[in-house]
Number of protein chains: 4
Amino acid sequence: MTETANDQPAKRHSGRRERSEKAILEATRELIAERGVGGLTIEGVAARSGVAKTTIYRRWRDRDELALAILIDMTAAVNAPPDLGDTRRELLTFVKTASRIIKADRIVQGLVSEIATEPHLSRAYRERIVDVRLAEVKSAIDRGIARGDLRPDTDVRVAHELLVGPLFYRLLFSGAPLNKAHADQVVDAVMRAFAAR
Amino acid sequence: MTETANDQPAKRHSGRRERSEKAILEATRELIAERGVGGLTIEGVAARSGVAKTTIYRRWRDRDELALAILIDMTAAVNAPPDLGDTRRELLTFVKTASRIIKADRIVQGLVSEIATEPHLSRAYRERIVDVRLAEVKSAIDRGIARGDLRPDTDVRVAHELLVGPLFYRLLFSGAPLNKAHADQVVDAVMRAFAAR
Amino acid sequence: MTETANDQPAKRHSGRRERSEKAILEATRELIAERGVGGLTIEGVAARSGVAKTTIYRRWRDRDELALAILIDMTAAVNAPPDLGDTRRELLTFVKTASRIIKADRIVQGLVSEIATEPHLSRAYRERIVDVRLAEVKSAIDRGIARGDLRPDTDVRVAHELLVGPLFYRLLFSGAPLNKAHADQVVDAVMRAFAAR
Amino acid sequence: MTETANDQPAKRHSGRRERSEKAILEATRELIAERGVGGLTIEGVAARSGVAKTTIYRRWRDRDELALAILIDMTAAVNAPPDLGDTRRELLTFVKTASRIIKADRIVQGLVSEIATEPHLSRAYRERIVDVRLAEVKSAIDRGIARGDLRPDTDVRVAHELLVGPLFYRLLFSGAPLNKAHADQVVDAVMRAFAAR
DNA sequence: GACTAAGCGAGACGGTACGTCGCGTCTTAAA
DNA sequence: TTTAAGACGCGACGTACCGTCTCGCTTAGTC
C-alpha cells in the first residue's frame, strides 16, 4: 500500500471544492479570532472569503457546525504525550497542552453551550475530542501504573476529569488564570490522589 | 379603595412593579423549563406573562441578564453545608448539592457560553456564585484541617475546582452521568489528595 | 352617521403606520413603472422606500399581495360612466376607460398569471374589480334598454365580456393596439349584437 | 435487436438527443399538470427526467421557453374546423375547441404574464398561435360570407377577438365557467353582430 | 475495428431574493 | 409616572432556484 507515483486518485475532478473550503475555513478562523464565536456569521464568512453563502451551507448545516469543525480541527491537531519516562511530567505535559488549546481564540467558551445542548454536537465533540483525550490520559496512566507510581485501580475517567475539570472551571466560570503554577497544583493533587500504596 | 392621603408608608414603589416582575420571572422559568435557555425569548416572555416587552427591558438589559437572574436566583437559594462532624460527609454533601443544582433545567448548559464570554455576566456569576461556593468549601475544609483530616496547607481554591470541575466536565462535555457513585469517587480522590500527613 | 366635529377616531396612535405605508406604496409604484411587475422585489421596495423589509411583510403577505394592492388601488379609482343620454357613447366611454387602465404601467400583464392562479388573489380581483366593472356596465345597459336601444333580454355578463374580452386579448396575446378605432369597432359590434328588435 | 450496420438512414442526429428531449418534455408536462406552471422548475425537470440541468439549458434558454414549447405543442395540435356547411356550427366548434385547449392543465394561466411581458415569448405566441387561430376563423367567416350569412365587410380580427376574448376573460379574471351555454351565447352574439343585411 | 469529437451526467459554484425570527428602540394613550 | 400595546429599523437566518462552469465518461459516426 505504498504511495507509488500515481498518487492522486482522490482528486476527482476540479480542486474547486478544496479551494473554496480552504477559503471558508480561513475566513472563519479570522472572524472568530477577531470577534469571537458570537461574532461569527455565515454572511460574514461568505463576504470575507468571497464564497457564496450557499457554498458554505452545502458543507455545514449551520453556524454551529462550521464553528465545531474549526474547534475539532484545532483540538484534534494535538497528539498524545509520548513516554517521557516520568509519570508526573507526562501528566503535566497533558495538562499544559490542554490548557493551551482550550484558551485558543475563545472558541471553547463560545461553543460550549451549543456542545452541551445540541445532541448532534455533543456526540461529535465526545467522539472526536473527549474520547481521544481520554485515550491519551489512559496511556500515560497505564505507564504510571506499570512504573509503580500510580495505584493499579486508578479510574482513568475520573483521573481525566480531575485533570481537566479544574481547567474548564477556571476558563468558563471562575476566571482564574490557567498557568504553569496551576497546572502543577492540579497534577500534584492528582498524583497524590492516585499514588500507589 | 380610593387613594387617600394615608397610604401605607412601607409600600415603597407601586405594587405594579412587583406584580409584573413576578409575572416575568415566572414566565421566564416556564419557558426555560419547556424549551431550554436557547428557547428563551424576550418576546416569548412578554407574550406569556402578559407584560409589555418594554417593561422587561426596563429591568434587564437583555435576554442573558434575565436568564442570569433566574440562574442566580436558583443557585443562590442553596446554603452552605452545616458542620456534620465528618469531613468526608460534608464534602460529599457539597458535591451532591452542586450536582443537583447544575443539572436543573439545563440552565447552566444554555448560559455557560454567555457567562464565559460576556464580562458583565462573568463578574456577576463570579461574585454571586463562585465566591459563595468557594466560601462554603472553605468552611468545610477549615473544619477538616481543624479535625486533622486534611493537611493545613490545603489550597481551598484548587480543592474547590477538583470537587466541581469533574461535575461540569461531565455536564458540559463528556455527557457521563452525575450520580452518587461519581460524587463518591470525586470526594474520595480529593480526600486522598489533601489528606493530612 | 354624519361626520361631526370629532372625526378622527380612526387615527389610533401615531401616523408612523401611515407614513411608512405611503413610502412603501410610492416605491412600489416607481419600481413597477421602471422595471415592470417582474422587477418588483420586496428587497427593492425596502431599499428604495427606506423602510425595513419586515415592515412590508407586516402589511402584505408577499410580493403578489403588494402588487395586487397597487393594481386594485389604480383600477378602483375609476368611476362608473354617468348617464350621457346616449347608449353608444356610454359604452364607448366605458371601453375607453377600461383600455386606459389596463395598459397602465403594464401591471395587469405582470400580475395576470398570479390573479388567474392564486385563489386568494382571484377572489380579491373578482370582488374588487370584476364585480365593480360589471355593475357599471349593467347601469349603462339598463339605461340602454329603457331607452329602447337594447333588447330587454340582454345578458349583462356576456355583454361585459364582449366589451372587455377583446381588450385583454389584444393586451395579453395578440399585441394589436388598443385605440379609439378598436374601441369603436367593439362597441359597434356589441350594439348590433344586442340591438332592440 | 442488436445494432447492425444498416441503421435507419433517416436517423440523423444521434438518438440520444431525441431520447433526452422526450424525457424532458414528459417530465415538464407532468410537473405542470401536478403543480402548475408556477411549480415548474428546471431543477425539478432535471430530477424527474434523469437528465442533467445542462442538457435542458442546451435546448431552451430558460424556464419560460420550455413552458412555451409545451404550450405551443399542445395548442398547435388542434386543426381548423372543416367546412360543416353551417356557419353557426363552425364558429361554435371553433369556440368550443378553443375553450377546451385553454383550460388544459392551467398552462395558459401560468404563462400568460410571461407571454404578455417578454417580447421573445410574445412573438412566438403570436406567430405560432394567434395567427394560426386567426386563419382558422378567417376561413370559417369567409365561408359564412360566401353563404350570405355574414356581412361582407366583417372584420375577421375583431370577430376573432369577440369570440375568444370572453373565454380568456372568464379563464383569467372572472372565474365564470367555460361551458356549452356560454359558447352558445358568445357565438349567437357574434352572429348577430355580423349578420348580413 | 479503432478513433475522435460531440453530447451528456454530474454537480460545484456565485448569486438574488425569499419570507422568518427576534432584537432592542421608540411612540402613544390609558391607568 | 408607569404601563400595555405594538410599529419600527435592523441583522441574520437558512432555503430555493437560477444560470454558468468544468469535468470525465459514453457513444456514435468516420476512417
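The figures here come from the full heavy-atom set of this structure, side chains too, leaving out hydrogens, waters and symmetry mates. Residue numbers start from 1 in every chain, and the chains themselves are labelled A, B, ... in the order their sequence lines are given, proteins ahead of strands.
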Item to check | D:R19 CZ to E:dG9 C1', straight-line distance once rounded to whole Å | outcome: 13 Å
Checklist entry - Checking only heavy atoms, does the side chain of A:T54 share a donor-acceptor pair with the base of F:dA16 at less than 3.5 Å? => result no
Item to check | Donor-acceptor pair present, A:K53 side chain and F:dG14 base, under 3.5 Å | outcome: yes
Next on the checklist: At 4.0 Å (heavy atoms only), tell me whether B:R58 reaches a base, stays on the sugar-phosphate, or touches nothing.
Outcome noted: base
Item to check | Gap between atoms CZ and P, on D:R17 and F:dG29 respectively (whole Å) | outcome: 13 Å
Checklist entry - Hey, can you pull the residues of residues 112-125 of chain B with a non-hydrogen atom under 4.0 angstrom from DNA chain E? => result none
Checklist entry - Does C:R128 CZ have over 12 foreign heavy atoms under 6.0 Å away? => result no
Checklist entry - Want to settle it: does B:R63 or A:S20 sit nearer the 5' end of DNA chain E, counting the closest nucleotide to each? => result A:S20
Checklist entry - By salt bridge (charged side-chain N to carboxylate O under 4.0 Å, His left out), which residues pair with A:R61, not counting sequence neighbours? => result A:E65
Next on the checklist: Students often get this wrong, so: under 4.0 angstrom with heavy atoms, is A:G50 touching a base, only sugar-phosphate, or nothing?
Outcome noted: sugar-phosphate
Next on the checklist: Please enumerate all residues that pass salt bridge (charged side-chain N to carboxylate O under 4.0 Å, His left out) together with D:E118, with sequence neighbours excluded.
Outcome noted: none
Checklist outcome for this item: Between B:Y57 and D:V51, whichever has its closest DNA chain E nucleotide further toward 5' is D:V51
Checklist entry - If only side-chain N and O atoms of B:R59 are considered, is one of them under 4.0 Å from the OP1 or OP2 phosphate oxygen of F:dT3? => result yes
Item to check | A:L66 CG - F:dA12 C1' separation (whole Å) | outcome: 15 Å
Item to check | NZ/NE/NH1/NH2 to OD/OE distance under 4.0 Å, D:E43 and D:R48 | outcome: no
Item to check | Side chain of A:A52 (C-beta onward), nearest among F:dT20, E:dG15, F:dG9 | outcome: E:dG15
Checklist entry - Would you call D:R29 and D:D73 a salt bridge, taking side-chain N to carboxylate O under 4.0 Å as the test? => result yes
Next on the checklist: I need the C:E26 CD to C:L31 CG distance, nearest 0.5 Å.
Outcome noted: 11.0 Å
Checklist entry - Side chains of A:L71 and A:Y125: does their closest heavy-atom pair fall under 4.5 Å? => result yes
Checklist entry - Distance only, no hydrogens: is a donor on one side chain within 3.5 Å (strictly under) of an acceptor on the other, for C:S20 and C:R59? => result yes
Checklist entry - What is the distance from CD of B:E21 to C1' of F:dT3, rounded to the nearest Å? => result 15 Å
Item to check | A:T55 vs E:dA12: side-chain N/O to OP1/OP2 distance below 4.0 Å | outcome: no
Next on the checklist: Taking the minimum atom-to-atom distance to the side chain of A:I42, which one of E:dC18, F:dC13, E:dC23 wins?
Outcome noted: F:dC13
Checklist entry - How close or far is atom P of F:dA12 from atom CZ of A:R35, stated in whole angstroms? => result 8 Å
Checklist entry - In whole angstroms, how far is the P atom of F:dC10 from the CD1 atom of C:I56? => result 12 Å
Checklist entry - D:R61 has an atom CZ; how far is it from atom P of F:dC18, in whole Å? => result 16 Å
Item to check | Interatomic distance, B:R48 CZ vs E:dG22 P [rounded to whole Å] | outcome: 14 Å
